[in-house]
Amino acid sequence: LSKEGRGAGARVPNQLQRYDSIRAIDFMSPLEKKITQYQVIDFMLSQSGFFSIKDRLKYLNRFKNDFEDSVMVQNLISKYNIEFRIEDDIMLEAATGEKLSLQELVAAHAGKVIYVDYWASWCRPCIKEMPDSKVLQADLTESPIVYVYISSDRKAKPWRKAMEKHDLNEGLHYRITNASTSQGLEDLQIMFIPRYIIYDRTGKLVDKDTYRPSESDALKAELSKYL
């Protein structure tokens, strides 16, 4: 397997062009336009890996100005935890409630290799990898490696429930709290999960799309490069 494009592919229509073209047509009623445009914006916000933060906020504002429906706009803002600003870093919340940035987390473990698992409670392939992740940690218990699990769940409840259900006690667990506004997350270009990333002992990002725990031999060889 190539280490490039390891997620399942999907065709994503040009939703920006679609939104603009619907604005220009005259055979739809205002209500039909509003419902269709709402669906377009909802899709864009749900597929953040395919649309930049600037475009997502731009078109949400466009929808707000086009229809002046505060209820529908507020529903989208609440659903996707939208904040009308762009933040440089990825902000995290620990299972204990502690809050910190990804940069702070990486800096706190200087001198060790960091293996990051981006996952979510609803992601079956992510959950499928967890038993192999536990085996990996047991096999490399003497190595200076920190195992970090970062969930993209927008709400804390399903994240905590999944950790309990699947007995995810090993490693450090966090949830992203600013997925909709993080330039740092956008820069990682995580279009599919699970995604695995390696930081070396100096805190440098050295592999943005590395092997899964189930690819044990290849992953161990990759991690050994940085020990």
Sidechain-backbone polar pair: [X] side chain, [Y] backbone, donor-acceptor under 3.5 Å:
X    : Y    : result
K33  : R23  : yes
R195 : D117 : no
S78  : Q74  : no
S151 : D153 : yes
R201 : A110 : no
N75  : V71  : no

- Hey, what's the ring geometry for Y115 with Y196, parallel, tilted or perpendicular (30° and 60° as the breaks)? parallel
- Just say parallel, tilted or perpendicular for the rings of F192 and F50, cut-offs at 30° and 60°. perpendicular
- Item | For Y118, ring pair (Phe, Tyr, Trp, His ring centres under 6.0 Å) partners two or more places apart | none
Is there a donor in the side chain of [X] and an acceptor in the side chain of [Y], or the other way round, less than 3.5 Å apart?
X    : Y    : result
Y199 : D207 : no
D88  : Q183 : no
Y149 : S133 : yes
D20  : Y59  : yes
D69  : Y38  : no
E129 : S214 : yes
S121 : R160 : no

Taking the side chain as C-beta and beyond, is there a heavy-atom pair between [X] and [Y] under 4.5 Å?
X    : Y    : result
L168 : W159 : no
D200 : V113 : no
K220 : L136 : yes
K54  : I86  : yes
L45  : I82  : yes
W122 : I193 : yes

Should [X] and [Y] be counted in the same cluster of Ile, Leu, Val, Met, Phe, Trp and Tyr side chains packed under 4.5 Å apart?
X    : Y    : result
I190 : L205 : yes
V116 : V135 : no
V148 : M91  : no
L227 : V206 : yes

- Roughly how far, to the nearest 0.5 Å, is CE of M72 from CG of D42? 9.5 Å
- What distance separates E87 CD from N178 CG, expressed to the nearest 0.5 Å? 4.5 Å
